[in-house]
Amino acid sequence: MRVTDERLSSTNTDNRSIRTDGGDRSVRTDRSREPNCPGSLIVVSNRQPYRHEYDDSDDERSVSVDEPTGGLTAGLDPVCQRTNGTWIAWGDGDADFDVADDRHCVSVPPSSGAYTLRRLDLSEDAVDSYYRGFSNRVLWPLCHGFTDLLEERPNDFEWYRSVNDQFATAVADHAHDDSVVWIQDYHFALAPRTIRDSIPSSAAVAQFWHIPWPTPETFRDCPAAVGILEGLLGNDLLGFHVDRYAKNFLECVERALPSATVDRDRHTVRYDGEATTVVATPMGVDAERYDRNARSADPSRLSSVFSTNGVSSETVLGLGVDRLDYTKGIPERLAALERFFEQNPRWRGSFTFVQKATPSRTGIPAYQRYGEFVRDEVERINRRFATEDWRPIVYTDSYLETETLAALYRRAEVMIVSPLVDGMNLVAQEYVASSSDADGTLLLSDRTGAHERLGTHAFTIDPTDVDGFARQIDDALSTPRHERRRRMSALRNRVFERDIDWWMATQFDWVRRVHDDRLYEGHSDLDPDSPEYTSPI
Ligand code: ADQ
């Protein structure tokens, strides 16, 4: 199986294990909660839900199918299966086009062929410029406020436009009167307008933007600001995780597009004859699945992770799980751990922090430098405190099966989630869902979308305040069991209430409203009595 550097991003949902049946995804305990799409669903995402690969390990060349286990794909795949939908994505597997038909379509899952996966054959130049270029050297740093890391390379934007056009053309091939096109993320800021103009007016176009939206002051640095906004206003519905990002977006539109009419109360924008509704619906995780996996995990999975990494089975365990991304605040976390061990010698030898950090976007120099810095810092801190049979920080970048990850989450007494900025953060929610003994503690950065819902019962941290952060680690470790259970039970209620199904159902409710509006009211304003425009967080 080929390993890509982006395998663990949940928006890219490339956290793959080899399966060939898509079976696990349809298992549900309560079918009444299944999210229902109001029309026939067309999903557009950068990464695909199934990838075909040549298996060179065999003497005879065979093809295997691997599939991501990440939250978004795991949630959307069953909906596509139920609605006989279409999924359009970049075909990045080496056997992808050999198993597809002339239109680059293949039926998936392999066992049932319930829906169509349409693959786009992108050249290496296209991927380098659209994906590693404009998406990840411009939009990603910009939206996270790292404007010093913006890198404008010649041709990146043109390729971004060209790839967006290719996706839009593919959507037009599959769209019908009742289609609901649901676009995922920042790789497709330009496509919505082209799609809107090329599919039946009764079809709906929606997009979910998984990362933050910056303030107008930051957005000013966007090289193609007006084009990006105009593209996004081709959507009938545009979703963000939290209200703050939706408000930032409306403010950017107001400042950059004087001819747009922004109604802040109704969260709508009218521009160029189209209306876009902008909503905040925080994404959740498949909480039941994490809980189930954590409860049923074979103990040998955990002991093998511990023994491979030289961790004592007796240790009090701290855990961090992140892509190696400069937004995730890993150096700040290490600095706080160093301060903690400095000030609390009693914990040396009995508390171990395991950092699962997965290399990501390694073709981009800023990511290479970040990865090296993190690894150097771990070594330095270990040199400072390690004893013969104990290391304060265990760093590993090997891939973990979802079941093993859930078991590790359940075992960890302290989970540290310390991004400098993060659209939502699913790891924090996965930890809570997996804490089936309800006695773990979550340290959560106040700069994550997840903090808006979990902040009241987590141990809040400011990732840049080293002393305060170190104190919170000590507090979390010293909190009595009954208090830990009280906090974790409240967190679990929140995570289970607003899980991935809730998120999708809410998105589809909005699509339904916007869709009905297109069909029956000729794009008139939404009913002022309709439910709130932002979801209570
Ligand atoms: P990401 O920035 O990738 O997602 P996050 O939300 O934390 O961040 O999701 C990461 C996913 O990768 C989690 O599902 C996690 O379990 C998995 N993962 C990470 N390291 C792993 C490892 N070593 N082994 C196995 N699995 C691992 C983007 C945005 C976020 C937003 C999501 C969803 O940046 O803000 O929450 O999309 O919208």
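Order of listing sets the numbers, starting from 1, for every ligand and every atom in it.
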Given the side-chain rings of W159 and Y130, with only the six-membered ring counted for Trp, is the space between their centroids under 6.0 Å? no

May I ask you to check whether [X] has an N/O atom sitting below 3.5 Å from an N/O atom of ligand 1?
X    : result
F208 : no
Y399 : no
H144 : no
H210 : yes
L426 : yes

Consider ligand 1: state whether an atom of it lies below 4.0 angstrom from any non-hydrogen atom of [X].
X    : answer
F240 : no
E401 : no
W209 : no

When you compare the side chains of [X] and [Y], does any donor N or O come within less than 3.5 Å of an acceptor on the partner?
X    : Y    : result
T215 : T218 : yes
D325 : Y367 : yes
R323 : T358 : no
D77  : Y115 : yes
R484 : T441 : no

For the side chain of W502 and the backbone of P35, is there at least one donor-acceptor N/O pair under 3.5 Å apart? no

Is a side-chain donor or acceptor of R137 paired with a backbone partner of I364 at a separation under 3.5 angstrom? no

Any atoms of ligand 1 less than 4.0 Å from a non-hydrogen atom of [X]? List them with their elements.
X    : value
M283 : 33 (C), 38 (O)
L400 : 24 (N), 25 (C)
G423 : 35 (O)
V321 : 19 (C), 20 (N), 21 (C)
L405 : 16 (O), 25 (C), 26 (N)
E430 : 13 (C), 14 (O), 15 (C), 16 (O)

Among P463, S418, P212, which residue satisfies the side-chain contact (heavy atoms from CB on, under 4.5 Å) criterion with R447? P463

Check whether NZ of the Lys or CZ of the Arg R487 lies under 6.0 Å from the centre of the six-membered ring of F459 and within 45 degrees of that ring's axis. yes

Determine, for W90 and R51, whether the Lys NZ or Arg CZ falls below 6.0 Å from the six-membered ring centre while staying within 45 degrees of the axis. no

As a check for students: among H241, M424, R323, identify the option with a heavy atom nearest to atom 3 (O) of ligand 1. R323

Ligand 1 contact on T358 by region, counting heavy-atom pairs under 4.0 Å: side chain

Contact partition for Y409 relative to ligand 1, non-hydrogen atoms under 4.0 Å: side chain

